[in-house]
Amino acid sequence: MEKIIIYRKAQLGDARKLAILYKQVYIQTYGTEGVSDEFANFITKQFAVERIENTLRENPNSIIVAEYNNNLVGVAEIEFAKKCPIDNIIAAELNKPYILEWFCGMGIGEKLLAFAEEIINDEGENLLWLWVLESNTRAIQFYEKHQFSVIGHAPFQMETNRYENKVMLKKIREK
């Protein structure tokens with residue numbers, strides 16, 4: 001039986017579920033050595049329900065979700081006119097494109113990306129960039145398959161640890 005996934009813009013009432021989804025995927029992706037104090041501090045602040053609610057209030061077009069049986073299974077956040085760490089590019093950033101592991105390989109990432117590109121296009125932007133952990137080969141291959149190119153490397157600094165990332169860019173339409 002095929003799973004029916006619904007794609008929509010996130011609503012204020014999704015904030016608590018989004019906080020849990022973000023934490024789950026973040027730990028699974030980046031917590032390769034477990035959850036340290038530094039890691040716990042970061043995800044507690046970064047994925048706080050209040051912070052997500054504020055994002056949704058300030059820009060209701062910024063978070064899109066994939067939903068199965070009224071449960072969130074994927075998310076992508078868009079930050080408009082964000083400064084890229086490479087070449088001072090100002091463009092939309094695809095931030096937190098997260099899918100629960102149990103739902104990977106079902107085309108959810110492709111549909112979230114297409115939805116994000118549609119929103120970005122409607123906002124009048126023509127470039128989309130993102131960071132991806134250098135060791136996350138599955139994600140890098142996904143983005144390369146969808147016409148993203150590596151334009152450089154940039155570290156992400158937590159408190160004491162640095163994580164090396166590739167910065168990738170895609171042109172989504174001609175201006």
Side-chain angles (χ1 to χ4, degrees), residues 1-32 42-82 91-133 135-148 156 165-173:
M1 182 175 182
E2 183 181 338
K3 292 183 178 180
I4 308 237
I5 309 293
I6 295 168
Y7 300 89
R8 61 175 175 80
K9 292 177 183 174
Q11 301 164 354
L12 206 51
D14 294 322
R16 192 168 49 98
K17 291 189 282 188
L18 281 166
I20 300 300
L21 190 149
Y22 282 142
K23 290 173 187 174
Q24 168 71 25
V25 176
Y26 196 89
I27 291 167
Q28 189 164 1
T29 303
Y30 300 102
T32 57
F42 177 79
I43 65 174
T44 299
K45 289 179 205 160
Q46 184 70 24
F47 305 130
V49 172
E50 299 78 22
R51 187 166 196 239
I52 296 166
E53 288 173 340
N54 287 339
T55 298
L56 288 167
R57 277 189 204 99
E58 290 169 13
N59 191 345
N61 290 329
S62 64
I63 301 176
I64 55 178
V65 296
E67 185 178 68
Y68 171 69
N69 281 346
N70 297 315
N71 301 310
L72 300 186
V73 299
V75 60
E77 187 172 331
I78 306 160
E79 292 190 53
F80 299 97
K82 183 95 181 274
E93 177 189 4
L94 184 62
N95 192 351
K96 300 181 217 46
Y98 293 170
I99 299 164
L100 290 174
E101 183 65 34
W102 306 282
F103 290 85
C104 287
M106 297 175 58
I108 293 170
E110 290 178 345
K111 290 185 177 135
L112 282 171
L113 179 59
F115 193 3
E117 289 178 7
E118 186 179 307
I119 291 169
I120 292 162
N121 191 36
D122 289 348
E123 293 284 329
E125 296 202 34
N126 72 330
L127 295 173
L128 177 61
W129 68 273
L130 55 85
W131 315 68
V132 61
L133 188 65
S135 62
N136 192 345
T137 55
R138 179 170 71 178
I140 293 165
Q141 289 171 350
F142 172 84
Y143 295 122
E144 287 174 339
K145 176 182 168 190
H146 292 90
Q147 289 73 52
F148 281 84
F156 175 75
N165 290 273
K166 291 184 179 196
V167 179
M168 302 181 81
L169 180 72
K170 176 180 184 178
K171 187 175 223 172
I172 59 170
R173 68 173 176 83

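Every value quoted in this text rests on a predicted model; they were computed, and no experiment measured them.
- Stacking of Lys111 on the aromatic ring of Tyr7 is not recorded, the 6.0 Å distance cut-off and the 45° axial limit not both being met.
- Side-chain polar atoms of Arg51 and Asn54 form no donor-acceptor pair below 3.5 angstrom.
- Side chain of Glu125 to backbone of Ala81: a donor-acceptor contact under 3.5 angstrom is found.
- In this structure the side chain of Ile119 reaches within 4.5 angstrom of the side chain of Phe80, judged on heavy atoms.
- Ring pair Tyr22/Tyr26: centre-to-centre distance not below 6.0 Å.
- The minimum heavy-atom distance between Gly74 and Leu21, with the atom names listed, is N-CD1, 3.7 Å.
- With a 4.5 Å cut-off on side-chain heavy atoms, Tyr143 and Pro97 count as touching.
- Expressed to the nearest 0.5 Å, how far CD1 of Ile52 lies from NZ of Lys17 amounts to 12.5 Å.
- For the atom pair CE of Met106 and CD1 of Ile99, the computed distance is 10.0 Å after rounding to the nearest 0.5 Å.
- For the atom pair NZ of Lys9 and CD1 of Ile64, the computed distance is 9.5 Å after rounding to the nearest 0.5 Å.
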Please determine whether side-chain contact (heavy atoms from CB on, under 4.5 Å) holds for the pair Gln24 and Glu101, giving the CA-CA distance in whole Å, both sets of side-chain angles, and the decisive distance to 0.1 Å. CA-CA 9 Å; Gln24 168 71 25; Glu101 183 65 34; over 6 Å; no
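- Inter-residue side-chain proximity for Leu100 and Val25 is flagged as met; some heavy-atom pair is nearer than 4.5 Å.
- Heavy-atom minimum distance, Leu127 versus Lys171: CD2-CA, 3.8 Å.
- At least one side-chain heavy atom of Glu53 sits less than 4.5 Å from a side-chain heavy atom of Leu12.
- Here the side chains of Ile78 and Asn61 are not in contact, with every heavy-atom distance at 4.5 Å or above.
- Atoms CG and CD1, on Asp14 and Ile63 in that order, are 9.0 Å from each other to the nearest 0.5 Å.
- Counting heavy atoms from C-beta outward, Glu117 and His146 have side chains that stay 4.5 Å or more apart.
- The shortest distance between side-chain heavy atoms of Leu113 and Phe142 falls below 4.5 Å.
- Nearest heavy-atom pair, Leu128 versus Leu94, reported as atom, atom and distance to 0.1 Å: CD1-N, 3.5 Å.
- Here the side chain of Asn165 pairs a donor or acceptor atom with the backbone of Leu133 at under 3.5 angstrom.
- A distance below 6.0 Å separates the ring centres of Phe156 and Phe42.
- Distance NZ/Lys96 to OG1/Thr55: 7.0 Å, rounded to 0.5 Å.
- Within a 6.0 Å sphere centred on CZ of Arg16, other residues, nucleotides and ligands contribute 12 heavy atoms or fewer.
- Considering CD of Glu50 and NZ of Lys45, their distance stands at 14.0 Å, rounded to 0.5 Å.
- Inter-residue side-chain proximity for Trp131 and Glu93 is flagged as met; some heavy-atom pair is nearer than 4.5 Å.
- In this structure, Phe103 and Tyr68 have tilted ring planes: the angle between them lies in the 30° to 60° band.
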